[in-house]
Colleague: 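Input: one structure, supplied below.
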Amino acid sequence: LIIGVGGFILSAFVMTPKYESTTSIYILSKQNTDTLTYSDAQLSSQLTKDYKKLVASRFVLEQVIEKFELEENYESFVERVTVENDADTRIIAITVKDVNPSVAQELADEIREVASAHIQSVTDVQAVNVADFANLPLEPAEPSILLCTILGAMLGAISSMGVIVIRFMMDDTI
C-alpha cells in the first residue's frame, strides 16, 4: 500500500507532465495530374518509409530547432518526435512531446510545414497535403498516474510477499 501511494505521489506531483500533439500529412506522388492510376497508388504506398525518414531527417528538425531557437541538439529533439504510418495508408502522422501543450502543437505544425517542402524538393512529389492540423492537447500523455499507482501497488505486494516467504523460510522455531 505504501509503495502504491508512493507511485501515485511520484507520478502526480514529482514527475513533469508531457503533452503530445499530432499532425498528419497525406502524400500522393502522381505523374499525371488528371488521373490517378493503380501504379501511382502502389508507388506512394511503397515510398511512405522514405517519407518517414525525410520527416525525421536532420535537415528538417534542425530547421525547426533554429526557427524556435530551442536549446537542444538534433539527437535530443529527435527523441521527442515520433513519425508513424498506419499500414496500408499514405497518411503520415507526426507527434511531438513537450512539457508545454501549445509549444508541442506549434512544433508539430512547423515540422509538418518544413517536412512537406523538404519531401517535395527531394522526391519531386507534386503535392503534400495536410490531412490533419496539430491538436492542442488538454491532458498530459505522460506520466500515467493510474498506471504508476497500480505498478507501485503491485511492486509493493510482490515485495511484501517476498519478505513474508523469506521470514517464513528463515524461521527455524518449532
Side-chain angles (χ1 to χ4, degrees), residues 7 10-11 15-148 150-151 154:
L10 181 72
S11 62
M15 297 175 77
T16 305
K18 293 184 182 174
Y19 297 85
E20 287 185 349
S21 182
T22 303
T23 183
S24 56
I25 55 177
Y26 179 78
I27 303 170
L28 181 63
S29 61
K30 55 182 179 177
Q31 305 302 324
N32 185 355
T33 58
D34 297 333
T35 60
L36 173 65
T37 64
Y38 179 72
S39 62
D40 291 333
Q42 285 291 93
L43 179 63
S44 294
S45 294
Q46 293 172 352
L47 291 174
T48 53
K49 290 180 184 176
D50 296 341
Y51 301 144
K52 284 173 52 177
K53 282 287 195 189
L54 289 172
V55 169
S57 69
R58 182 175 295 275
F59 178 81
V60 171
L61 297 184
E62 283 183 349
Q63 280 191 352
V64 174
I65 290 170
E66 185 178 314
K67 179 176 180 181
F68 283 89
E69 299 174 354
L70 301 175
E71 296 179 5
E72 61 184 314
N73 58 12
Y74 167 77
E75 286 78 18
S76 64
F77 187 56
V78 76
E79 291 176 9
R80 297 192 304 137
V81 176
T82 307
V83 182
E84 296 176 331
N85 172 249
D86 291 333
D88 300 329
T89 68
R90 292 182 300 270
I91 297 175
I92 296 177
I94 304 163
T95 304
V96 178
K97 286 184 188 177
D98 197 84
V99 294
N100 185 334
S102 61
V103 171
Q105 180 185 25
E106 292 171 9
L107 287 172
D109 279 334
E110 185 62 27
I111 291 172
R112 184 195 67 235
E113 293 300 320
V114 174
S116 296
H118 186 57
I119 288 171
Q120 284 180 325
S121 68
V122 169
T123 62
D124 207 23
V125 180
Q126 295 204 358
V128 178
N129 301 321
V130 177
D132 195 16
F133 291 99
N135 61 318
L136 181 63
L138 303 175
E139 297 289 326
E142 295 176 358
S144 172
I145 296 172
L146 180 63
L147 181 63
C148 289
I150 291 172
L151 287 176
M154 289 176 64

Colleague: Assess whether atom CZ of Phe68 is packed by more than 12 heavy atoms of other residues, nucleotides or ligands within 6.0 Å.
Modeller: yes
Colleague: If every non-hydrogen atom of Val114 is compared with every non-hydrogen atom of Gln63, which pair is closest and at what distance?
Modeller: CG1-OE1, 3.0 Å
Colleague: Between Glu84 and Lys52, does any NZ, NE, NH1 or NH2 come within less than 4.0 Å of an OD or OE carboxylate oxygen?
Modeller: no
Colleague: Within this structure, what is the OH-CG distance for the pair Tyr26 and Asp132, rounded to the nearest 0.5 Å?
Modeller: 15.0 Å
Colleague: Calculate, to the nearest 0.5 Å, the distance between atoms CG and CG belonging to Leu10 and Leu151 respectively.
Modeller: 11.5 Å
Colleague: Among Leu107, Val60, Thr23, Thr82, which one satisfies side-chain contact (heavy atoms from CB on, under 4.5 Å) with Ile94?
Modeller: Thr23
Colleague: Could you check whether Thr89 and Asp86, counting side-chain N and O atoms only, form a donor-acceptor pair closer than 3.5 Å?
Modeller: no
Colleague: Would you say the side chain of Ile25 lies within less than 4.5 Å of the side chain of Ser116, judging by non-hydrogen atoms?
Modeller: yes
Colleague: So, are Asp98 and Lys18 salt-bridged, with charged N and O less than 4.0 Å apart?
Modeller: no
Colleague: Supply the atom-to-atom distance Ile92 CD1 to Lys49 NZ, rounded to the nearest 0.5 angstrom.
Modeller: 12.0 Å
Colleague: To the nearest 0.5 Å, what is the distance between CD (Glu72) and CD (Glu79)?
Modeller: 9.5 Å
Colleague: Do Met15 and Pro143 come close enough that some side-chain heavy atom pair is under 4.5 Å?
Modeller: yes
Colleague: Verify, without hydrogens or angle tests, whether Gln105 (side chain) and Ser21 (backbone) share a donor-acceptor contact under 3.5 angstrom.
Modeller: no
Colleague: Between Thr123 and Ile119 (side chain of the first, backbone of the second, donor and acceptor by atom type, cut-off under 3.5 Å), is there such a pair?
Modeller: yes
Colleague: For the residue pair Pro140 and Tyr19, what are the closest heavy atoms and their distance?
Modeller: N-CE2, 3.4 Å
Colleague: CD of Glu139: more than 12 outside heavy atoms within 6.0 angstrom?
Modeller: no
Colleague: Do His118 and Ser57 come close enough that some side-chain heavy atom pair is under 4.5 Å?
Modeller: yes
Colleague: Tell me every residue that passes side chain to side chain contact (heavy atoms under 4.5 Å, CB included) with Ile65, counting only those two or more places apart in sequence or in another chain.
Modeller: Leu70, Phe77
Colleague: I'd like to know if Glu113 and Lys67 make a salt bridge, using a cut-off of under 4.0 Å between side-chain N and carboxylate O.
Modeller: no
Colleague: So, do Glu110 and Val64 sit near enough that their side-chain heavy atoms are less than 4.5 Å apart?
Modeller: yes
Colleague: For the pair Arg112 and Asp109, find out whether any cationic side-chain nitrogen is under 4.0 Å from an anionic carboxylate oxygen.
Modeller: yes
Colleague: Roughly how far, to the nearest 0.5 Å, is the CD1 atom of Ile111 from the CG atom of Leu61?
Modeller: 5.5 Å
Colleague: Which heavy atom of Ser11 sits nearest to which heavy atom of Ile145, and what is that distance?
Modeller: OG-CA, 3.5 Å
Colleague: Measure the CD-CD distance between Glu20 and Glu142 for me, rounded to the nearest 0.5 Å.
Modeller: 6.5 Å
Colleague: Consider only side-chain N and O atoms of Thr22 and Thr95, and report whether a donor and an acceptor are under 3.5 Å apart.
Modeller: yes
Colleague: Using atom types as modelled and distance alone, determine if a side-chain donor or acceptor of Arg80 lies under 3.5 Å from a backbone N or O of Val96.
Modeller: no
Colleague: With a 4.5 Å cut-off on side-chain heavy atoms, are Leu136 and Ser102 touching?
Modeller: yes
